[in-house]
Amino acid sequence: GNQAATLRLMEAAAARRLAALRADGEVGAAAAAAEAMRPGAGAARAVRLTDALTSQIAQELIRARDEAAVWLQTGVQVHTRPGSAGTSRLTTLTAPTEVSAPLPGVGGRLTLGADMVALRSGTLGSGFREQQSFGTNPLFLQPNFVAPAFNRPQGNMDGVALRMTWLRENMRAEIGSTPLGFHRPTFTGMLEVVPRITEGLRLRLTAERTPETSSMLSYAGYTQSSGTGPFWGAVTRTGGRVTLEYSTSDRLGFYGGGAAHALRGTNVVDNTRWEVFGGVYYAVMRQPGQQVTVGVDLRHTGHSRNAGGFTFGHGGYFSPARSFVGSLQGEYRAQWGDWTFRGIGAVGWQSFRTALAPVFPTNRGYQAALEAQAAASPGVFDKHIGGQRSSGPTGSIFANLEYAMTPNLRLGAAARYERVGNFSDTAGFFYLRYRLDRPRADLEPLFAGAPTVYPNVNDPMVSSYRAGAPELVRMPSGAARPVW
């Protein structure tokens, strides 16, 4: 947990090993490796320290330096979800910036971050059906109406989300906020501990409160009548997850668990979500410069209510009564000199059904008035949001390419595409990371002469969680952007 102390110990061990190398006349080989492996020197040659002990010390020294350094990180991401303009369609532009540093004495790493967020959902159409799908419009619309009773939903929303994370081996704690500048910002948080039960068995316990970012309604919320009408939306998901992870070797592993969350928002119908999941993964190839892993993932989820509409009282997020997804997944990691690559692909099958829901689930008066209106004009007004059943193939792909431009500066790009039936989800992310330190001059031959395993997906603390639940399972259908 104390990265600075670990770095000092590794530096002392490296200094002793270099002294031994000099005594044996092997300093020239280390200097040649340093030049060949220098980032930015062009096509790097696969030069490696031939002595096994020296190579091991060098790699542990590089890892210790990564974990003890102060990092500055920033980037920009574009995330798009197609749908109906003004409601289910959403484009999210995020510019995350953070500084990450070890905590002397306390141990672990503290990260402070601010994410600029801009949401764009388009303009609600002027057709009768489009207008009837939003807010309280169904109560006031007439079949031959000219203008909607309320303004169309706000199509733009900007804000800045704040977060603070403390990370140490087998534990992570985070507190933050939804974007300040939204109508009703609120706090978010997460606590995860990963106790080891036996050598190969780990228990992952997670408690979290996170925003539901599926749509403008679920993430930021809406008001009507030029901002003076009732507000609804801004849904948060609060609950926990329990995962049991078992590895029989460094190649084969199993996992399984469950989760339960309460979904709450302002003037939004209360909902609960549950999930059970399990899977297996196997590293079919593991070499110093590359690795191939395959896996099978099965997930079954459900919700107590359908809150997927955009009328007053709904939350604007996908909430099937039952959903089953099974997928075959494959991951490839590789490093070529100063370049690292990670790719994940998944193909599978999904089956789900959503339940019939009232148009106004939180207001009996509104719902009764709408039902009377629908009875007076049969076939014109919808008094319920219809349920549906669907089954079909699913697929997703994720890729992350990172380049060490200098020993302290890394540039990267990541992209993800996921498709389920007619639904698709696309995200692109460009980032840079800068390390605010320099290696000890007398140890530079070791830093440069060993094969540096650069952390993928912008995680300087990769060694703390590298043995946990495989990211292979979570990345294709997980967060909207790669985890820092």
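Because the structure is a prediction, the values reported are computed rather than measured. Both backbone and side-chain heavy atoms feed into the values below; hydrogens, waters and symmetry mates do not.
Taking CD of Gln291 as the start and OH of Tyr332 as the end, the distance is 10.5 Å to the nearest 0.5 Å. From Phe324, atom CZ reaches atom CZ of Arg299 across 11.5 Å, with rounding to the nearest 0.5 Å. A distance of 9.5 Å separates CE of Met157 from CZ of Arg120, quoted to the nearest 0.5 Å. A distance of 7.0 Å separates OG in Ser215 from CG in Leu90, rounded to the nearest 0.5 Å. If you take CE on Met216 and OG on Ser121, they are separated by 3.5 Å, rounding to the nearest 0.5 Å. How far OG1 of Thr354 is from CG of Asn306: 5.0 Å, rounded to the nearest 0.5 Å.
Between the side chain of Thr80 and the backbone N or O of Thr91, no donor-acceptor pair lies under 3.5 Å. Using modelled atom types, one side-chain atom of Thr178 and one backbone atom of Thr186 make a donor-acceptor pair closer than 3.5 Å. Although no hydrogens or angles enter the test, the distance criterion places no donor-acceptor pair under 3.5 Å between the side chain of Arg353 and the main chain of Gln388. Side chain of Thr188 to backbone of Arg209: no donor-acceptor contact under 3.5 angstrom is found. A distance-only check finds no donor-acceptor pair linking the side chain of Ser84 to the backbone of Thr87 [under 3.5 Å]. Between the side chain of Ser327 and the backbone N or O of Val347, no donor-acceptor pair lies under 3.5 Å. Although no hydrogens or angles enter the test, the distance criterion places a donor-acceptor pair under 3.5 Å between the side chain of Arg264 and the main chain of Asn271. Proximity of a side-chain donor or acceptor of Asp297 to a complementary backbone N or O of Gly326 within less than 3.5 Å is not detected. Judged by distance alone, the side chain of His303 and the main-chain N or O of Pro320 form a donor-acceptor pair under 3.5 Å.
The ring of Phe318 has its center closer than 6.0 angstrom to the ring center of Phe352.
Of the residues Tyr431, Trp339, Trp336, the one that meets the ring pair (Phe, Tyr, Trp, His ring centres under 6.0 Å) test with Tyr403 is Trp339. For the side chain to side chain contact (heavy atoms under 4.5 Å, CB included) criterion with Ser100, the lone passing option out of Thr165, Thr111, Leu112, Val70 is Thr111. Screening Leu72, Thr74, Leu110 against Val99 for a side chain to side chain contact (heavy atoms under 4.5 Å, CB included) leaves a single residue, Leu72.
Nearest heavy atoms, Ala414 versus Phe398: CB-CE1, 4.3 Å. Nearest heavy atoms, Tyr222 versus Gly86: OH-O, 3.0 Å. In this structure, Ala220 and Phe182 approach most closely via the heavy-atom pair CB-CD2, 3.5 Å. Minimum interatomic distance between Arg81 and Ser214 (heavy atoms only, all atoms of both residues): NH1-CA, 2.9 Å. The two residues Ser177 and Ala161 come nearest to each other via the heavy atoms O-CB, 3.4 Å. When every heavy atom of Ile197 is checked against every heavy atom of Leu244, the shortest pair comes out as CD1-CD1, 4.2 Å.
For the pair Arg416 and Asp425, the salt-bridge criterion is met [side-chain N within less than 4.0 Å of a carboxylate O]. Note on Glu402 versus Arg342: no salt bridge recorded, every NZ/NE/NH1/NH2 to OD/OE distance being 4.0 Å or above. One finds a salt bridge joining Arg202 and Glu245 here, because a Lys/Arg side-chain nitrogen approaches an Asp/Glu carboxylate oxygen to under 4.0 Å. The existence of a salt bridge linking Arg163 and Glu174 is excluded, since no basic side-chain nitrogen approaches an acidic carboxylate oxygen closer than 4.0 Å. Look at Glu208 and Arg237 and you find no salt bridge, because none of the NZ, NE, NH1 or NH2 atoms lies under 4.0 Å from a carboxylate O.
Side chains of Leu432 and Arg410 form no contact here, defined as non-hydrogen atoms less than 4.5 Å apart. Between Val76 and Leu93 there is a side-chain heavy-atom pair separated by less than 4.5 Å. Side-chain contact between Arg204 and Glu192 is present, with at least one heavy-atom pair separated by less than 4.5 Å. Looking at His261 and Thr272, their side chains never come closer than 4.5 Å, going by heavy atoms from C-beta outward. Side chains of Arg333 and Gln290 form no contact here, defined as non-hydrogen atoms less than 4.5 Å apart. Taking 4.5 Å as the limit, some side-chain heavy atom of Tyr417 sits within range of a side-chain heavy atom of Ser424. Looking only at side-chain heavy atoms (C-beta outward), Tyr219 and Val117 come within less than 4.5 Å of each other. Ser351 has its side chain out of reach of Arg389: every pair of non-hydrogen atoms, C-beta onward, lies at least 4.5 Å apart.
Under a cut-off of 6.0 angstrom, the local environment of CE in Met285 is crowded, with over 12 non-hydrogen atoms contributed by other residues, nucleotides or ligands. Residue-environment remark: CE (Met190) exceeds the threshold of 12 foreign heavy atoms within 6.0 Å. Heavy-atom contacts from other residues, nucleotides or ligands closer than 6.0 Å to CD of Gln287 number more than 12.
By the ring-ring contact (aromatic ring centres under 6.0 Å, His included) test, Trp274 pairs with His300, sequence neighbours left out.
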Q) Would Asn408 and Tyr434 satisfy side chain to side chain contact (heavy atoms under 4.5 Å, CB included), going step by step from the backbone distance to the final call? A) CA-CA 6 Å; Asn408 285 57; Tyr434 187 75; 3.9 Å; yes

Q. Would Phe277 and Thr301 count as a side chain to side chain contact (heavy atoms under 4.5 Å, CB included) if you check the C-alpha gap in whole Å, the side-chain angles of each, and the deciding distance to 0.1 Å?
A. CA-CA 9 Å; Phe277 54 90; Thr301 61; over 6 Å; no

Q. Can you check side chain to side chain contact (heavy atoms under 4.5 Å, CB included) on His79 and Thr426, steps first, answer last?
A. CA-CA 6 Å; His79 180 208; Thr426 307; 5.9 Å; no

**Q.** Evaluation steps, side chain to side chain contact (heavy atoms under 4.5 Å, CB included), between Tyr281 and Val296
**A.** CA-CA 7 Å; Tyr281 60 95; Val296 176; over 6 Å; no

